[in-house]
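These notes are about the structure you will find just below.
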Amino acid sequence: MAGMKVCWISAGVSSFVAGYLAEKVDEYIYIDIENQHPDSMRFIKDCERALGKPIQILRSDYRNVQNVIRQFRFINSPYGAKCTEVLKKRVRKEWEHEHCKQKITYVWGFDFNEKHRADRLLESMPDFQHEFPLIDKMLSKEDAHAILERLKIARPAMYDLGYRNNNCIGCVKGGMGYWNKIRIDFPEVFERMAKLEREVGRSCINGIFLDELEPDRGRMEDEVMPDCTIMCYLAVA
């Protein structure tokens, strides 16, 4: 059985740096979603130049979060968001099915402070080999950002706007503080999601619809919001 080393790039800093540090990677893959900030594709192209190899772009037929919510009449729950499952997990599973005859090693961007998440991933995907370059080199998220700076790659725009990760604009996993910041930075996204919540009768924030959310509610710096990546989904699978 032929071997293949694959790194899933999430348009976040840690996944790219892990792929950059890993040796002999055969495929770099990015799953594109229409809800990502437009600057994410600029970042992917900059990563390609640094890696010296192309990054394969995959997309779900559902294309965006709105289509998933309308189709399934579901937003999120304590067990995860439907958009992550459909737009990311399914795409990955389809790719794996097409490459089922190859022995795959995955490269992941968990940092040194996320060893517990790496352990859960090892338990959830025992049929594959896995590498964690940041953990092996005892590197934190801050270290990954420093490496990106040394490579002279501008980090994705969402970081510079004050967001902790480069999730979709208007991530359904966000809390009150997050959505009130989205209301300021991307008012059209806030309004679109508020209308969509009423359309399907479900809300992003448990117990409150966005059109009821008072502008001064929540503190984004106190809210826990993980990167919305394949790693995130697998870590709780």
Side-chain angles (χ1 to χ4, degrees), residues 7-21 30-44 46-47 65 75-78 80-81 83-84 87-88 108-118 120-121 132-135 138-151 153-187 189-190 193 204-206 208 210 213 215-236:
C7 179
W8 296 92
I9 302 289
S10 69
V13 173
S14 295
S15 64
F16 159 68
V17 173
Y20 180 81
L21 295 175
Y30 169 61
I31 299 177
D32 183 49
I33 300 173
E34 290 179 355
N35 303 82
Q36 288 275 164
H37 192 289
D39 187 60
S40 294
M41 194 55 69
R42 184 277 310 164
F43 178 71
I44 291 298
D46 286 352
C47 292
V65 173
I75 299 181
N76 61 16
S77 76
C83 49
T84 304
L87 298 175
K88 294 182 179 178
W108 303 104
F110 292 122
D111 64 67
F112 188 66
N113 297 312
E114 297 177 308
K115 289 189 287 185
H116 59 291
R117 297 180 68 191
R120 290 203 297 269
L121 186 144
F132 307 97
L134 300 182
I135 293 176
M138 297 185 289
L139 298 173
S140 65
K141 271 187 173 54
E142 292 76 16
D143 293 326
H145 280 257
I147 290 171
L148 189 77
E149 185 175 354
R150 291 189 64 181
L151 292 172
I153 297 176
R155 61 185 186 171
M158 291 294 281
Y159 292 106
D160 292 326
L161 287 171
Y163 297 91
R164 295 179 181 176
N165 46 49
N166 191 27
N167 292 355
C168 292
I169 300 174
C171 179
V172 301
K173 298 178 182 179
M176 293 183 185
Y178 168 84
W179 274 105
N180 270 325
K181 182 168 173 56
I182 291 292
R183 190 203 300 259
I184 296 170
D185 295 337
F186 304 97
V189 173
F190 183 93
M193 184 59 75
C204 297
I205 303 170
N206 186 31
I208 187 170
L210 289 179
L213 179 62
D216 60 348
R217 293 291 302 276
R219 283 171 47 88
M220 194 173 72
E221 55 269 31
D222 296 334
E223 297 170 359
V224 177
M225 184 178 172
D227 289 332
C228 188
T229 64
I230 291 175
M231 293 190 301
C232 173
Y233 188 93
L234 293 173
V236 298

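Computed from heavy atoms alone, side chains included, the values below leave out hydrogens, waters and symmetry copies.
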Would you say the side-chain atoms of [X] pair up with the backbone N or O of [Y], donor to acceptor, closer than 3.5 Å?
X: Asn166; Y: Pro156; value: no
X: Ser10; Y: Ser15; value: no
X: Lys181; Y: Met176; value: no
X: Arg155; Y: Gly12; value: no
X: Asp111; Y: Ile135; value: no
X: Asp39; Y: Ala157; value: yes
X: Tyr178; Y: Gly170; value: yes

Minimum heavy-atom separation for [X] to [Y], with atom names?
X: Leu213; Y: Arg183; result: O-NH2, 2.6 Å
X: Tyr30; Y: Ala11; result: CE1-CB, 3.6 Å
X: Ser14; Y: Lys141; result: OG-CG, 3.8 Å
X: Leu148; Y: Phe43; result: CD1-CE1, 3.9 Å
X: Cys168; Y: Ile33; result: SG-CG2, 4.0 Å
X: Leu21; Y: Leu139; result: CD1-CD1, 3.6 Å

Less than 4.5 Å apart, any side-chain heavy atom of [X] and any of [Y]?
X: Trp8; Y: Ile31; answer: yes
X: Ile153; Y: Tyr20; answer: no
X: Asn35; Y: Ile169; answer: no
X: Gln36; Y: Asn167; answer: no
X: Cys7; Y: Ile9; answer: yes
X: Phe112; Y: Asp143; answer: no
X: Met193; Y: Trp179; answer: yes

Query raised in the report: Would you call the rings of Tyr163 and Phe186 parallel, tilted or perpendicular if under 30° counts as parallel and over 60° as perpendicular?
Result: tilted

Report task. Determine the interplanar angle of the Phe132 and Phe110 rings, folded into 0 to 90°, and report it as parallel if under 30°, tilted if 30 to 60°, perpendicular if over 60°. Result -> tilted

[atom1]/[X] to [atom2]/[Y] distance, rounded to the nearest 0.5 angstrom?
X: Leu161; Y: Ile182; atom1: CG; atom2: CD1; value: 9.0 Å
X: Asp185; Y: Met158; atom1: CG; atom2: CE; value: 7.5 Å
X: Cys83; Y: Ile75; atom1: SG; atom2: CD1; value: 9.0 Å

Report task. Step by step, work out the side-chain contact (heavy atoms from CB on, under 4.5 Å) result for Phe16 and Asp46. Result -> CA-CA 10 Å; Phe16 159 68; Asp46 286 352; over 6 Å; no

Query - CA sep, side-chain torsions, deciding dist, call: Arg164, Tyr159, side-chain contact (heavy atoms from CB on, under 4.5 Å) - result: CA-CA 6 Å; Arg164 295 179 181 176; Tyr159 292 106; over 6 Å; no

Report task. Decide yes or no on side-chain contact (heavy atoms from CB on, under 4.5 Å) for Glu114 and Leu134, but give the supporting numbers first. Result -> CA-CA 10 Å; Glu114 297 177 308; Leu134 300 182; over 6 Å; no

Query raised in the report: salt bridge (charged side-chain N to carboxylate O under 4.0 Å, His left out) with Glu142: which residues, sequence neighbours excluded?
Result: none

Query raised in the report: For Asp160, does the CG atom sit with more than 12 other heavy atoms under 6.0 Å from it, leaving out its own atoms?
Result: yes

